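Reading through the structure tokens given below for one structure.
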Amino acid sequence: MLEAEAPEALEKRVKERREGLPELPNAVKGDVILRFAPNPNGPLTLGHSRGVIINSQYAEMYNGKMILRFDDTDTKIKRPDLKAYDWIKEDFTWLAGRKPDIILEASERMPEYMAHAKQFIDDDYMYVCKCTADDFKQLRIEQQECPCRANSALKNSDLWNQMNDPEGGFNEGDAVVRVRTGMNHKNPALRDWPALRIQRSPHPKVGEKYRVWPLLDFQSAVEDHIQEVTHIIRGKDLMDSTRKQKLLYEMAGWDYPETLYWGRVKVHEFGGFSTSQMKVDIENGDYNGWDDPRLPTVRALRRRGFSAAAMRKFWIELSLTQKDISVPLATLISHNSTEIDSSTPRLSFIQNPVMLALNCDEIELPDAIDIPCHPLQKEMGVRSWELPSDCGLQVYIEKEDFDIALASDGRIRLKDFADVEVSENKRGKITSMERSDERPIVHWLTEAMATNCILLRPDEKGEQLDDIEGLFEKNSYPNGTIIQLERIGFSRLEPNDRDPSMTQMIWTHT
RNA sequence: GCUUGUGUGGUGUAGUUCGGCCCAUCAUGACGGGUUCUCGAUCCGUCGACCCGGGUUCAAAUCCCGGCACGAGCACCA
């Protein structure tokens, strides 16, 4: 209809700039099932947040379901951290703005995987291989079948039982279960890939209940089928995983989910996001913990005052491409500023304070002054600063601003208050409440409103964590509030563990 | 080596399926200016890209061929 009447209109619509995420292929509203499957060996990193956000965003777009699955089937190399299960649930919920629809732990789903493994062995889709890893590697390169491959399903069934039997004589590395894909497959990565292996180190959740554990490609393949996952979004480094799993799905007569990929992401300021490396660095004492503001973990970013909404916008804007990208943190910061600027109350923080004694004989001061909490959002109210009645007013300004004042004949304006004139001896007088000229404007604090405070701020390289002491405006905002320090930048209030009598905040960005 | 993916301004991204309204979108960045009692916010302007070489075509970022560059997999990790 439209095509017949106005073909150019149809075409133009296609050319319009796409907003948000691209459509999911073969997605039926209401039927989409997605999953995010991290290894619980630490809390989520900024890199993981892409998976949480993109998947949950699609779930929302298509009214679908979102599964959070803990892929904890390795007890040795990437040993699960018991605390990480809860950390990840927290991080997920904060990022996505909602809880996952389904939570699974692979270690808890072992009976399913074992049953499928047994069935596949009986069906002769998989066989037990007793070659060493090195020997098999050689066979794979030469496209030669190993002797174990000739064993019957019956024999393999016995070997399988033997693998699972503590008295069976098989130790770690002695035998694996392989998928019979073919040793002449042109892609070497797909040739009779390993599906399960023996692990003797106890699992932190289920102990020594199992000897044989599935590898990712097998566990994930089976679980995605059981959960009827419709779309898998994964890193393009897992493209061969898709190909391996598709071969298994074909044998089993299952339908493989639609698969989409993204490329590697780096953030200039952080580099990569290796959970294991961070773990080592924290244990070495290089960082204070997973929420150390120099670390690219979700909890560190949250602590620093980044909002989940900003992170969502950030990832949606980067979209879903297979390009390996390296983004400056400035992009995230920009999203965060626009996200929080209109809701963050303004407060005064004076570093390197200089106290000025002001004489106000010439002027009649009110009992108190009201300063807006936000220059634009009037409904946020005012902060009321009482002024002394005895005409002796003591205020703090930054040393740097004091120098600016001296450089402009001692004339400076205390923002939202009055023009003053000061001299080198740190004394001065208030000359006018009204703004009388273009003299520099500085932020300030009355003595009564000032309280000691520490601003925790990573240095520019993100190596050191500096304690900046200063005077902070008294306020009643609770910990966790993100504020904006006049003329400095955003920061977030947090408890001070070292000295509860002192308030503390952590630097966000300008 | 085999397999597999990606190449649009400084950084990301749209457009590539079905060639033309693309002398290429939007954002970020840098620079300049307006506004503002914050160095914030806001507004305006400027800068800057289709990896290279051929080919097809009236017409190519888009199709074909050939290069080049960078990445990933080939783990009894995820």
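These numbers were taken from a predicted model, which means no experiment stands behind them. Proteins get letters first, then strands, A, B, ... in listed order; numbering begins at 1 in each.
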Tell me whether the OP1 or OP2 atom of [N] has a side-chain N or O from [X] closer than 4.0 Å.
| X | N | value |
| --- | --- | --- |
| A/K323 | B/U13 | yes |
| A/T321 | B/U13 | yes |
| A/K186 | B/U4 | yes |
| A/R197 | B/C77 | yes |
| A/R211 | B/C76 | no |
| A/K76 | B/C76 | no |

Considering only atom [atom1], compute the distance from [N] to [M] and round it to an integer number of Å.
| N | M | atom1 | answer |
| --- | --- | --- | --- |
| B/U16 | B/C21 | P | 12 Å |
| B/G55 | B/G10 | C1' | 34 Å |
| B/C65 | B/U4 | P | 16 Å |
| B/U3 | B/G66 | P | 15 Å |
| B/C23 | B/U36 | C1' | 39 Å |
| B/C47 | B/G40 | P | 24 Å |
| B/C44 | B/C50 | C1' | 29 Å |
| B/G33 | B/A69 | P | 45 Å |

(message) Starting the side chain at C-beta, find the nucleotide from B/U3, B/C77, B/G15 nearest to A/P188.
(response)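 Shortest atom-to-atom distance from the side chain points to B/U3.
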(request) Please tell me which of the listed nucleotides, B/U28, B/A78, B/G73, lies nearest to the side chain of A/L215? (result)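 Minimum distance to the A/L215 side chain belongs to B/A78.
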Rounding to a whole Å, what distance do you find between [X]:[atom1] and [N]:[atom2]?
| X | N | atom1 | atom2 | answer |
| --- | --- | --- | --- | --- |
| A/L320 | B/A14 | CG | C1' | 15 Å |
| A/E317 | B/U11 | CD | C1' | 11 Å |
| A/K266 | B/U11 | NZ | P | 14 Å |
| A/Q322 | B/G12 | CD | P | 16 Å |
| A/D240 | B/U4 | CG | C1' | 6 Å |
| A/Q277 | B/C77 | CD | P | 20 Å |
| A/N187 | B/C2 | CG | P | 12 Å |
| A/F314 | B/G29 | CZ | C1' | 14 Å |

(message) The test is salt bridge (charged side-chain N to carboxylate O under 4.0 Å, His left out); show your working for A/E172 and A/K76 and say whether it passes.
(response) CA-CA 11 Å; A/E172 231 171 63; A/K76 210 174 164 185; 2.7 Å; yes
Sugar-phosphate, base or nothing in reach of [X], heavy atoms under 4.0 Å:
| X | result |
| --- | --- |
| A/L238 | base |
| A/I325 | sugar-phosphate |
| A/V327 | sugar-phosphate |

Sub-3.5 Å pairs of nitrogen or oxygen atoms, protein against nucleotides 68-71 of chain B:
{"from": "B/G71", "atom 1": "O2'", "to": "A/D324", "atom 2": "OD2", "distance (Å)": "2.9"}

Take the angle between the ring planes of [X] and [Y] and call it parallel below 30°, perpendicular above 60°, tilted in between.
| X | Y | answer |
| --- | --- | --- |
| A/Y85 | A/F70 | tilted |
| A/F417 | A/W444 | parallel |
| A/F270 | A/F273 | tilted |

Non-neighbouring partners of [X] that pass side chain to side chain contact (heavy atoms under 4.5 Å, CB included), sequence neighbours left out:
| X | answer |
| --- | --- |
| A/V298 | A/L44, A/S49, A/D91, A/W94, A/L95 |
| A/S337 | A/I333, A/F490, A/H509 |
| A/E108 | A/E105 |
| A/C148 | A/Y127, A/C129, A/K130, A/C131, A/C146, A/N151 |

Less than 3.5 Å apart, which donor and acceptor atoms pair up between the side chains of residues 428-438 of chain A and the rest of the protein, not counting sequence neighbours?
{"from": "A/K429", "atom 1": "NZ", "to": "A/E362", "atom 2": "OE2", "distance (Å)": "3.2"}
{"from": "A/T431", "atom 1": "OG1", "to": "A/D419", "atom 2": "O", "distance (Å)": "3.3"}
{"from": "A/S432", "atom 1": "OG", "to": "A/E434", "atom 2": "N", "distance (Å)": "3.0"}
{"from": "A/S432", "atom 1": "OG", "to": "A/E434", "atom 2": "O", "distance (Å)": "2.5"}
{"from": "A/R435", "atom 1": "NE", "to": "A/D437", "atom 2": "O", "distance (Å)": "3.4"}
{"from": "A/S436", "atom 1": "OG", "to": "A/D419", "atom 2": "OD2", "distance (Å)": "2.5"}
{"from": "A/D437", "atom 1": "OD1", "to": "A/R439", "atom 2": "N", "distance (Å)": "3.2"}
{"from": "A/D437", "atom 1": "OD1", "to": "A/R439", "atom 2": "NE", "distance (Å)": "2.7"}
{"from": "A/D437", "atom 1": "OD2", "to": "A/R411", "atom 2": "NH1", "distance (Å)": "3.1"}
{"from": "A/D437", "atom 1": "OD2", "to": "A/R439", "atom 2": "NE", "distance (Å)": "3.3"}
{"from": "A/D437", "atom 1": "OD2", "to": "A/R439", "atom 2": "NH2", "distance (Å)": "3.1"}

(request) Enter the distance from A/T321:OG1 to A/D324:CG here, rounded to the nearest 0.5 Å. (result)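 Reported value, rounded in 0.5 Å steps: 8.5 Å.
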(request) For the residue pair A/H268 and A/S326, confirm or rule out a side-chain donor-acceptor distance under 3.5 Å. (result)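 Present: a donor and an acceptor within the cut-off.
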(request) Between A/P328 and A/D217, name the one whose nearest nucleotide on RNA chain B is closer to the 5' end. (result)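 Between the two, 5'-proximity favours A/P328.
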(request) Find which nucleotide of RNA chain B each of A/A189 and A/I141 is nearest to by heavy atoms, and output the residue with the more 5' nucleotide. (result)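 Nearest-nucleotide comparison on RNA chain B picks A/I141.
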(message) Dot-bracket for RNA chain B, please. Rules: Watson-Crick or G-U, both distances under 3.5 Å, ( ) within the strand, [ ] when a pair crosses earlier ones, | for another strand, . otherwise.
(response) (((((((..(((.......[.....)))((((((.......))))))...(((((..]....))))))))))))....
(message) I'd like to check the ring-ring contact (aromatic ring centres under 6.0 Å, His included) partners of A/W193; sequence neighbours left out, ordered by chain and number.
(response)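 Applying ring-ring contact (aromatic ring centres under 6.0 Å, His included) to A/W193 gives none.
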(message) Test of understanding: with ring-ring contact (aromatic ring centres under 6.0 Å, His included), list the residues that count as partners of A/Y125, not counting sequence neighbours.
(response)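 If we apply the ring-ring contact (aromatic ring centres under 6.0 Å, His included) test to A/Y125, skipping adjacent residues, the hits are A/F120.
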(request) Using a 4.5 Å cut-off on heavy atoms from C-beta on, say whether the side chain of A/D174 contacts that of A/M163. (result)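 A/M163 vs A/D174: side chains apart.
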(request) Determine whether A/R79 and A/N41 make a side-chain contact, defined as any pair of heavy atoms from C-beta on separated by less than 4.5 Å. (result)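 Of all side-chain heavy-atom pairs linking A/N41 with A/R79, none is under 4.5 Å.
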(request) Assign a letter to each nucleotide of nucleotides 37-42 of chain B from its 5' end: B, base within under 4.0 Å of a protein heavy atom; S, sugar-phosphate only; -, no contact. (result) BBBBS-
Review item, side-chain donor-acceptor pairs of residues 258-267 of chain A, under 3.5 Å, at least two apart:
{"from": "A/E258", "atom 1": "OE2", "to": "A/N26", "atom 2": "ND2", "distance (Å)": "2.6"}
{"from": "A/T259", "atom 1": "OG1", "to": "A/P257", "atom 2": "O", "distance (Å)": "3.2"}
{"from": "A/Y261", "atom 1": "OH", "to": "A/T242", "atom 2": "OG1", "distance (Å)": "2.8"}

(message) Counting only heavy atoms and a strict 4.0 angstrom limit, can you tell me which residues of residues 42-53 of chain A come near RNA chain B?
(response)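 Result for residues 42-53 of chain A: none.
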(message) Does this structure show an ion pair linking A/E250 with A/R180, if we count only N-O contacts that are shorter than 4.0 Å?
(response)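 Not counted as a salt bridge, because no side-chain N and carboxylate O are separated by less than 4.0 Å.
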